[in-house]
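One is the number of the first residue; the rest follow in order along the sequence. Indexing begins at 1, ligand by ligand and atom by atom, following the structure's order.
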Amino acid sequence: MSLLEIRDLTVTYGSGASAVPAVRGVDLTLRAGQKLGVAGESGCGKSTMALALLRLLPASARLTGEILLDGEDVLTMKWGRLRAVRWAGASIVFQGAMHSLNAVHRIGDQIAEPLLVHGKVTPTAARGRVGELLEQVGLPAARAAAYPHELSGGQRQRVMIAMALACDPRLIVADEPTTALDVMIQAQILRLIERLVADDDISLLMISHDLAVLADTCDRLAVMYAGRVVEEGPAREVYDAAEHPYGRALSSAFPRIGDPASRRAPRGLPGDPPDPADLPGGCAFHPRCPVAVEVCGEQDQELREAGAGRHAACVHVGSGS
Ligand code: ADP
Ligand code: MG
C-alpha cells in the first residue's frame, strides 16, 4: 500500500470573486521509503499542498479530495488523531527556520516538547533523546542549551530537522529546506536529509523550485504548474527529458554540471506564471507554451501515460506527434 496517496486535492483560498484556486485536482502517490520531489515556480501551489497534508492551512482555505496517510484520510480525521499524526505520522521542515523556532526558548527544550507531549517520555529520557537527535543532525549535544539566535542559518535548519525526526515519523515533508541557505550549506543539509531518510527508512516529500536539487535527491519527480501536476515520473528521466513543455522549460532553466553550453544559454521561459485568481482558459500553460496549438486554449489536459511509469498533461503526449 502507498504511504501517502493524494486524490483529486483541491485547495481554494477565500470565496466568491476573490477566490484563489491554489491547488486544482492534484493526484500524487508516495510509497513507503520513496523520495518524491515536487517542483514548480513560485506561486504554483507547492506550499499549499504541503500544508494541506497536515491540515495546517488557514481557516480561509477550503479543501476537497482525499489525503490518505497509511490509508487514513487526514482531511476527515478527528482532532486528537490528527495531533498524533502530525508528529509520528509525518512532520514538516519549513524554509525559514528562524520563523519556525521560538526565539525565547532554548533549542533543546523546543526539540524535547513533542517528545514530552506525544512520546510520553520522562524529562530525563527526553534530554537524552535531544542529545542523540542533535548528534544525528551533526550538532554537539551541548548545543541544546543554545538559543536560536546563537546558531547559524545552517545550524538552525539542522535543529528543524532534529525536531522533525523527534517522534520517528514515517514521512518527512521538506518545503524548500535549503532555499534560505548559502550554496555550500545547502549541499550539506541536502546530504544530511538524504542520509537520515535512508538510515531510518523514512519517506520524503521534498519541495523546491530547483529541479536540479530534486533530481539529485529524489526517486520520483512531480512538476506543478498553476496548481496542477503537469508531469510525473522517475526523477532523472523527468529532469533529463521532460515530456511536458513546461517540464522542459523548467529543467533548461538551470545550468548543468559538465554541460558548459547550458550555463551560457539557459533557455528559460518567456512571461510570468499566471495569477491563480485569473487563470487563462484551457491549459493554464498555453500562453507561454512554445508548442501550443489551438485546442490548448480551449481544453485543459489530464495526466496521461507518457512511457513506463511516466505521466504528462499535454495534448502532444501520447498522440504520436
Ligand atoms: P508556492 O509554495 O508554490 O510558491 P503557494 O502554495 O505558497 O505557492 O501559493 C499558491 C497560491 O496561493 C499563490 O497565488 C499565493 O499567492 C496563494 N496563497 C498562498 N497562501 C495564501 C493565503 N493564506 N491566502 C490567500 N492566498 C494564498
Ligand atoms: Mg512555497
Below 4.5 Å, heavy atoms only, C-beta onward: do T178 and Q157 meet side chain to side chain? no

Is it true that E72 and R170 make a salt bridge, defined as a side-chain N closer than 4.0 Å to a carboxylate O? no

Is S60 close to ligand 1, meaning an N/O of one under 3.5 Å from an N/O of the other? no

Numbered atoms of ligand 1 (with element) below 4.0 Å of S47, judged on heavy atoms: 1 (P), 2 (O), 6 (O), 7 (O)

Of all the non-hydrogen atoms in the protein, which one sits nearest to atom 19 (C) of ligand 1, and at what distance? Y13 CE1, 3.5 Å

Should you measure from each heavy atom of A22, which atoms of ligand 1 turn up under 4.0 Å away? 10 (C), 11 (C), 12 (O)

Given R158, which partner from the list L139, I107, I185 fulfils the side chain to side chain contact (heavy atoms under 4.5 Å, CB included) test? L139

Do D168 and R129 meet the salt-bridge criterion of a basic N to acidic O distance under 4.0 Å? yes

Could you tell me whether ligand 1 has any atom less than 4.0 Å away from a heavy atom of G40? no

List ligand 1 atoms under 4.0 Å from T48, heavy atoms only on the residue side. 5 (P), 6 (O), 9 (O), 10 (C)

Are side-chain heavy atoms of E176 and H209 found at a separation under 4.5 Å? yes

Counting from 1, what ligand 1 atoms have a heavy atom of S42 closer than 4.0 Å? 4 (O)

Atom 8 (O) of ligand 1: closest protein heavy atom, distance to 0.1 Å, is G45 N, 3.2 Å

For the Mg ion (ligand 2), decide whether S47 has an N, O or S atom at a distance under 2.8 Å. yes

Evaluate the criterion side-chain contact (heavy atoms from CB on, under 4.5 Å) for residue pair E243 and E231; output intermediate values, then yes/no. CA-CA 7 Å; E243 290 283 347; E231 170 143 17; 3.6 Å; yes

Distance filter under 4.0 Å to P276 heavy atoms, resulting ligand 1 atoms: 14 (O)

Using 4.0 Å as the upper bound for N to carboxylate O, is an ion pair formed by R143 and E150? no

Closest non-hydrogen protein atom to atom 10 (C) of ligand 1, residue and atom name please, with distance? G43 O, 3.4 Å

Numbering as shown, the atoms of ligand 1 that approach P58 to under 4.0 Å (heavy-atom distance): 23 (N)

If the threshold is 4.0 Å, N to carboxylate O, is there a salt bridge linking D27 and R228? no

